[in-house]
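The structure appears below as structure tokens.
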Amino acid sequence: MSIALASALTMQISSCQQQRENPLLQESTLPFGAPDFSKIDSTDYMPAFEAAIQQTRDEIAAIADNPDSATFENTILALEESGKALDRVSRVFFALVEADKTPALADIEKKVQPMLTDLGNEISFNKPLFERIKKVYDTQYESLQGEDKKLTEETYKEFVRKGALLPDDKMARMKEINLRISELQTEWGEVLPDATNDAVVWVDKKEDLAGLSEADLAQCEKDAQSRGGKAPYAIVIVNTTQQAILASLDNRDLRKKVFEASEHRADGTGKYNTFPLVCEIAKLRAEKAEIMGYPNYASYSLENTMAKTPVNVYDFLMNLIKAYVPKADAETKAIENFARKTEGPEFQLQAYDYFYYSAKMKKELLDVSDDEVKPYFNVDSVLKNGVFYAANRAYGLTFKERDDFPLYHPDMKAFEVDDKDGKPIALFYCDYYRRPSKRGGAWMDGFQKQSRQRNEMPIIFNVCNNAKAPEGKPSLLTWDEVTTMFHEFGHALHGMLSNCQYNSLSGTSVYRDFVEMPSQFNESFASIPEVFDNYARHCDTGEPMPADMKERML
């Protein structure tokens with residue numbers, strides 16, 4: 001190839017790259033407006049954020065500098081409709097940061113968070129903008145109706161809560177606090193997943209894993225291979241606190257090792273330490289509350305909840321403790337006495353022993369164990385014959401799997417959600433299996449919120465951290481993981497069944513302590529006989545769980 005031809009080709013390729021439209025800045029052509037992950041590259045995020053942030057700045061400036069008298073339409077509604085491009089980019093990006101964070105995404109997050117905080121400060125402390133909002137609130141609020149009135153109230157109060165009425169010196173300090181908290185939270189979000197992945201407990205000998213089922217042993221082998229194979233087996237820290245594997249491990253020293261790996265993953269005993277981050281965040285929050293005129297951050301934080309005050313929270317917790325502690329103490333003593341039957345009268349029950357001997361005691365008293373019931377909880381059956389079945393019976397919803405939507409990970413699935421009349425109302429994604437790039441826990445969020453104003457339907461997702469079985473084997477759940485799936489789907493229903501005019505009021509945009517009500521309610525469906533009997537079927541035979549086993553388990 002000649003030098004001239006090579007140069008021409010290089011210029012042509014460069015030109016094509018420049019002409020490529022950033023998919024994050026374009027409205028999706030897919031049904032529901034779903035994000036097209038087949039077109040999105042990690043290199044798209046930074047330019048998309050930069051462009052969307054600038055677009056938002058321009059939109060805010062147009063509202064604040066509007067020479068016309070402030071009205072609901074040209075101020076409150078205009079603010080509500082600003083930043084749509086930034087919302088689209090942020091929702092996709094931060095969903096992946098939580099569920100499938102790569103080093104490239106982590107690097108972008110470090111750069112983007114300060115940019116977003118700066119933008120937030122600019123908007124929150126924009127005096128001309130707030131003057132217009134206050135004008136509408138003071139003069140037009142009483143004449144507004146329905147969601148227009150609610151949106152005006154929430155917009156005004158949110159600006160006040162962020163410090164729009166503060167004098168200049170305190171406003172400047174609030175900007176500094178907001179930026180520093182954002183930096184610390186980003187750093188914390190980086191440290192914790194790394195600490196959890198580093199807390200893997202490596203095991204050299206199969207006999208040290210006595211007590212585990214064949215399925216669990218296979219999972220430990222798979223986890224070891226996926227994390228570099230430093231030993232034949234690996235016990236992965238999979239939850240925020242409790243580790244289900246502690247109920248099965250016979251080896252007490254290994255139980256202790258797993259428990260301590262979980263408990264101390266980021267508390268300063270190893271190379272990861274979140275204590276300085278947490279302490280600085282707490283101090284900054286306390287200062288923030290003081291600036292805003294509150295006695296402490298709890299008072300500031302709880303004002304916008306159902307609980308309202310720290311006193312109400314403590315009263316609630318103390319009533320729980322008063323009722324619960326005697327029962328908990330009696331149960332713990334009973335488990336310790338049970339363990340002493342085999343371990344001797346001097347045996348002292350430790351935190352890492354609790355689940356193990358509790359499981360043994362349940363087996364002796366009720367003849368039931370996780371290994372016996374897990375074959376009846378195939379994740380696919382729990383989802384389709386349990387979670388979806390209950391939603392159909394309760395709300396008339398139907399779910400059609402869609403394999404034509406690009407996904408961000410092969411483990412995901414997508415479902416179209418139709419109402420009782422067959423009308424599409426939402427798109428639902430699920431991402432149930434753990435991997436090193438995913439943070440711990442389980443959650444719900446959305447790529448798009450419901451809004452009649454924007455003519456947008458909800459695109460909701462659930463994320464969990466269940467173990468994925470080796471190829472060709474069914475992925476089985478514990479009862480706790482089953483109820484977690486129902487719980488998180490309650491949040492999903494909250495998002496999917498939303499019917500609001502405005503994006504900022506829709507879905508789970510409710511008091512933080514109310515947001516758990518739909519999930520707790522939906523969790524109860526897991527054990528309703530009609531629902532339970534429909535999904536709790538043996539993964540090999542398809543037979544329902546025997547009635548006596550079901551009774552003993554529940």
Side-chain angles (χ1 to χ4, degrees), residues 94 97-99 101 103 105-118 120-121 124 161-163 173-201 236-243 258-305 307 309-314 316-318 321 351-352 434 436-443 445 463 465 512-513 515-516:
F94 287 106
V97 165
E98 296 280 277
K101 182 188 281 190
L105 294 185
D107 184 58
I108 294 168
E109 185 186 17
K110 289 179 187 176
K111 299 172 183 175
V112 163
Q113 284 287 18
M115 295 164 57
L116 293 174
T117 303
D118 282 340
N121 279 335
S124 298
R161 274 184 61 77
K162 289 180 177 179
R173 178 55 184 154
M174 283 289 278
K175 291 179 182 179
E176 294 174 350
I177 291 173
N178 290 341
L179 183 59
R180 182 56 181 156
I181 288 177
S182 173
E183 292 170 349
L184 292 166
Q185 289 176 331
T186 300
E187 188 176 349
W188 188 88
E190 292 170 357
V191 171
L192 194 59
D194 290 344
T196 301
N197 286 326
D198 190 65
V200 169
V201 176
V236 177
I237 303 305
V238 297
N239 206 337
T240 49
T241 52
Q242 303 169 4
Q243 306 302 319
V258 171
F259 178 85
E260 290 182 343
S262 176
E263 184 181 36
H264 298 302
R265 71 187 83 171
D267 68 358
T269 57
K271 63 179 179 180
Y272 298 100
N273 183 8
T274 57
F275 277 10
L277 303 177
V278 172
C279 289
E280 188 175 351
I281 289 171
K283 290 176 182 177
L284 289 168
R285 285 177 170 177
E287 184 182 353
K288 186 174 186 175
E290 183 180 7
I291 290 173
M292 292 301 298
Y294 294 83
N296 48 59
Y297 186 77
S299 298
Y300 172 73
S301 176
L302 288 167
E303 183 184 57
N304 202 28
T305 65
T309 69
V311 171
N312 288 339
V313 172
Y314 278 112
F316 178 76
L317 292 176
M318 290 303 147
I321 291 169
Y352 47 83
R434 70 180 184 237
S437 58
K438 183 188 288 187
R439 75 166 173 86
W443 63 94
D445 210 328
V463 184
N465 269 278
R512 185 65 186 84
D513 46 356
V515 81
E516 292 302 320

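All values derive from a computational prediction rather than experimental measurement.
- For the pair Leu277 and Val191, the tightest heavy-atom approach, listed with the atom from each and the gap, is CD1-CG2, 4.4 Å.
- Glu109 places a side-chain heavy atom less than 4.5 Å from the side chain of Lys101.
- A donor-acceptor pair is defined here as one N or O able to donate and one able to accept, closer than 3.5 Å; no such pair exists between the side chain of Asp107 and the backbone of Pro103.
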- Task: Determine, stepwise, if the pair Ser124 / Asn121 fulfils side chain to side chain donor-acceptor pair (under 3.5 Å).
- Result: CA-CA 5 Å; Ser124 298; Asn121 279 335; 5.6 Å; no
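- Residue-environment remark: CH2 (Trp188) stays at or below the threshold of 12 foreign heavy atoms within 6.0 Å.
- For Ala307 against Val313, the heavy-atom pair with the smallest separation is CB-CG2, 3.9 Å.
- Nearest heavy atoms, Thr196 versus Ile237: CG2-O, 3.4 Å.
- Summarising the local packing, CZ of Arg512 is surrounded by 12 or fewer heavy atoms from other residues, nucleotides or ligands at distances under 6.0 Å.
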- Message: Checking Asn178 against Lys288 for the side-chain contact (heavy atoms from CB on, under 4.5 Å) test, could you report, in this order, the C-alpha distance in whole Å, the side-chain angles of both residues, the deciding distance, and whether it holds?
- Response: CA-CA 9 Å; Asn178 290 341; Lys288 186 174 186 175; 3.1 Å; yes
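- Counting only distance, with no hydrogens or angles, the side chain of Ser299 and the backbone of Pro295 share no donor-acceptor pair below 3.5 Å.
- Within 6.0 Å of the CD atom in Glu290, the count of heavy atoms belonging to other residues, nucleotides or ligands does not exceed 12.
- When atom types are taken as modelled, the side chain of Thr186 and the backbone of Ser182 share a donor-acceptor pair closer than 3.5 angstrom.
- The closest donor-acceptor contact from the side chain of Ser301 to the backbone of Ala298 lies at 3.5 Å or more, if one exists at all.
- Within the 3.5 Å criterion, the main-chain N or O of Gly441 finds a donor-acceptor partner in the side chain of Asn465.
- In this structure, Tyr300 contributes its side chain and Ala286 its backbone to no donor-acceptor pair below 3.5 Å.
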